[in-house]
Amino acid sequence: MHKIREKEGYQLNEQLLPLWQVQLDLLQKFIEVCQRYHLRCWVDSGTLLGAVRHKGFIPWDDDVDVNMMREDYDRLQEVAAEAFQPPFFYQTAYTDKDYYRSHGQLRMDGTSAIRPSDCFQPYHQGIFIDVFPLDGIPDNDSRVDDAMRKGRRILRFLKAKNTNILLSGRWGLVFRKWKACREVARRGWANIFREAEDLYRQFPVADADIVGELSTTGRDLACRKCVYDDTVWLDFEDIKVPAPAGWDEYLRVQYGDSYMTPMHDPTLHGDLVIDAHRDYREVLPEVQKAYRDSALKRFWGKLK
């Protein structure tokens with residue numbers, strides 16, 4: 001078990017420590033697999049900031065992010081079934097039908113990390129770390145904006161297939177849900193998803209000076225490709241993690257020049273129902289009931 005330090009006097013949420021333990025196992029396994037298959041990867045976003053500023057988790061953070069160039073990301077997909085054996089599960093639209101996100105997630109069996117709004121989605125919902133692909137971002141190319149718009153439309157289309165229209169109150173999705181069910185049955189989930197990924201693959205990293213997570217943040221947080229020319233290893237709790245050698249430039253792009261000054265921002269996954277000791281299939285019915293009760297309460301409240 002990993003030994004997590006006291007977090008600099010910050011009051012920790014009681015859920016964080018067991019969550020961090022699992023995420024460190026996932027991160028360590030992910031790094032081991034990338035090294036075994038000679039794939040480059042780097043800690044990303046708040047995980048990189050935590051490594052630089054806190055030598056571990058940001059005290060109020062609840063996720064782990066890594067990224068890799070699209071070529072390595074695609075190669076990882078090819079070896080994932082062999083490389084990640086239970087209790088590890090590498091999740092993409094190709095390994096877990098009905099998973100609709102544009103990036104991969106490494107999940108842990110026997111755990112739960114359930115977003116209430118996704119509690120009726122039938123994919124693996126164990127504790128995870130995020131894996132983002134980096135694509136090239138050419139200057140002044142209208143194709144980039146067109147690809148992002150079309151890609152997001154495809155992913156929203158797929159998500160609608162398993163959206164609970166009644167409980168979410170999103171009646172406008174009825175036709176989209178019906179059409180998605182029909183198209184998936186006719187063409188296959190993975191084939192439709194691949195259309196979105198191919199939109200991003202038309203911008204190879206090799207042809208660009210700027211790279212970014214095109215399928216998620218687009219141009220907003222892109223940085224120079226040379227930031228990733230070399231890799232350095234930083235302390236992160238009780239393990240070492242790979243970081244781009246140009247991490248200072250990256251963090252200034254992401255968080256501004258004062259990134260070393262802590263700011264207690266809300267977490268991105270603050271609504272997750274987390275259980276490090278129970279499998280998501282055991283916890284899902286409880287989350288679904290709570291979500292259903294909340295939806296009914298909102299419905300009756302509107303009638304009063």
Side-chain angles (χ1 to χ4, degrees), residues 1-36 39-68 76 83-91 103-113 126-132 227-228 230-248 250-252 254-255 258-270 272-278:
M1 179 175 291
H2 301 279
K3 295 180 180 178
I4 295 183
R5 311 178 275 107
E6 289 295 325
K7 299 307 292 186
E8 303 149 22
Y10 290 99
Q11 185 68 38
L12 297 180
N13 183 304
E14 63 180 11
Q15 283 190 321
L16 281 179
L17 287 176
L19 171 66
W20 287 348
Q21 294 284 355
V22 176
Q23 289 174 332
L24 279 173
D25 287 339
L26 290 166
L27 180 57
Q28 190 168 36
K29 178 66 175 181
F30 184 82
I31 294 169
E32 288 173 358
V33 166
C34 286
Q35 289 186 297
R36 186 191 320 159
L39 306 174
R40 295 199 302 162
C41 69
W42 305 275
V43 290
D44 182 32
S45 302
T47 309
L48 176 55
L49 178 60
V52 170
R53 197 172 68 193
H54 304 275
K55 298 188 183 302
F57 288 101
I58 296 173
W60 49 87
D61 201 7
D62 63 356
D63 70 344
V64 168
D65 298 321
V66 298
N67 62 22
M68 54 201 316
L76 179 64
F84 296 110
Q85 297 293 318
F88 301 99
F89 175 65
Y90 187 64
Q91 181 181 51
H103 62 278
Q105 293 184 314
L106 182 59
R107 300 265 189 177
M108 182 71 81
D109 293 343
T111 67
S112 302
I127 290 173
F128 61 90
I129 64 172
D130 289 313
V131 184
F132 296 99
V227 163
Y228 297 94
D230 295 302
T231 298
V232 295
W233 290 82
L234 304 178
D235 292 325
F236 192 88
E237 303 301 341
D238 60 353
I239 67 175
K240 294 279 189 179
V241 296
W247 54 260
D248 177 70
Y250 172 91
L251 290 175
R252 290 180 190 278
Q254 291 270 330
Y255 301 106
S258 60
Y259 66 80
M260 288 300 290
T261 302
M263 296 180 62
H264 197 151
D265 294 328
T267 63
L268 292 177
H269 303 293
L272 286 178
V273 176
I274 297 166
D275 194 317
H277 308 292
R278 290 197 297 162

Is there a side-chain contact between [X] and [Y], using heavy atoms and a 4.5 Å cut-off?
X	Y	value
Phe132	Val66	no
Thr111	Asp275	no
Pro242	Ile31	yes
Val52	Leu251	yes
Ile58	Trp60	yes
Met68	Leu39	yes
Gln254	Leu49	no
Gln91	Leu106	no

Side-chain ([X]) to main-chain ([Y]) donor-acceptor, under 3.5 angstrom:
X	Y	result
Gln23	Asp62	yes
Tyr250	Leu48	no
Thr47	Asp65	yes
Arg278	Gly110	no
Trp20	Asp61	yes
Arg107	Ser112	no

What distance separates [X] [atom1] from [Y] [atom2], expressed to the nearest 0.5 Å?
X	Y	atom1	atom2	result
Ile239	Glu32	CD1	CD	9.0 Å
Ile129	Gln105	CD1	CD	9.5 Å
Gln21	Glu237	CD	CD	9.0 Å
Phe88	Phe30	CZ	CZ	12.5 Å

Margin query: Walk me through whether Tyr228 and Trp42 qualify under side chain to side chain contact (heavy atoms under 4.5 Å, CB included).
Written below: CA-CA 9 Å; Tyr228 297 94; Trp42 305 275; 3.5 Å; yes
Check: What do the steps show when you test His103 against Val131 for side chain to side chain contact (heavy atoms under 4.5 Å, CB included), and what is the final call?
Finding: CA-CA 6 Å; His103 62 278; Val131 184; 5.9 Å; no
Next item on the list: Might you point out which heavy atoms bring His54 and Pro59 nearest each other, and give the distance in Å?
Entry: CE1-CD, 3.6 Å
Notebook entry, point to check: Can you say whether the rings of Tyr259 and Trp247 are parallel (under 30°), tilted (30 to 60°) or perpendicular (over 60°)?
Noted result: perpendicular
Margin query: I'd like to check the ring pair (Phe, Tyr, Trp, His ring centres under 6.0 Å) partners of Phe236; sequence neighbours left out, ordered by chain and number.
Written below: Phe57
Notebook entry, point to check: Is the closest basic N to carboxylate O distance between Asp248 and Arg252 below 4.0 Å?
Noted result: yes
Checklist line | side chain to side chain contact (heavy atoms under 4.5 Å, CB included) assessment of Thr261 paired with Tyr255 | finding: CA-CA 10 Å; Thr261 302; Tyr255 301 106; over 6 Å; no
Next item on the list: Please step through side chain to side chain contact (heavy atoms under 4.5 Å, CB included) for the pair Leu27 and Val241, ending with a clear verdict.
Entry: CA-CA 8 Å; Leu27 180 57; Val241 296; 3.7 Å; yes
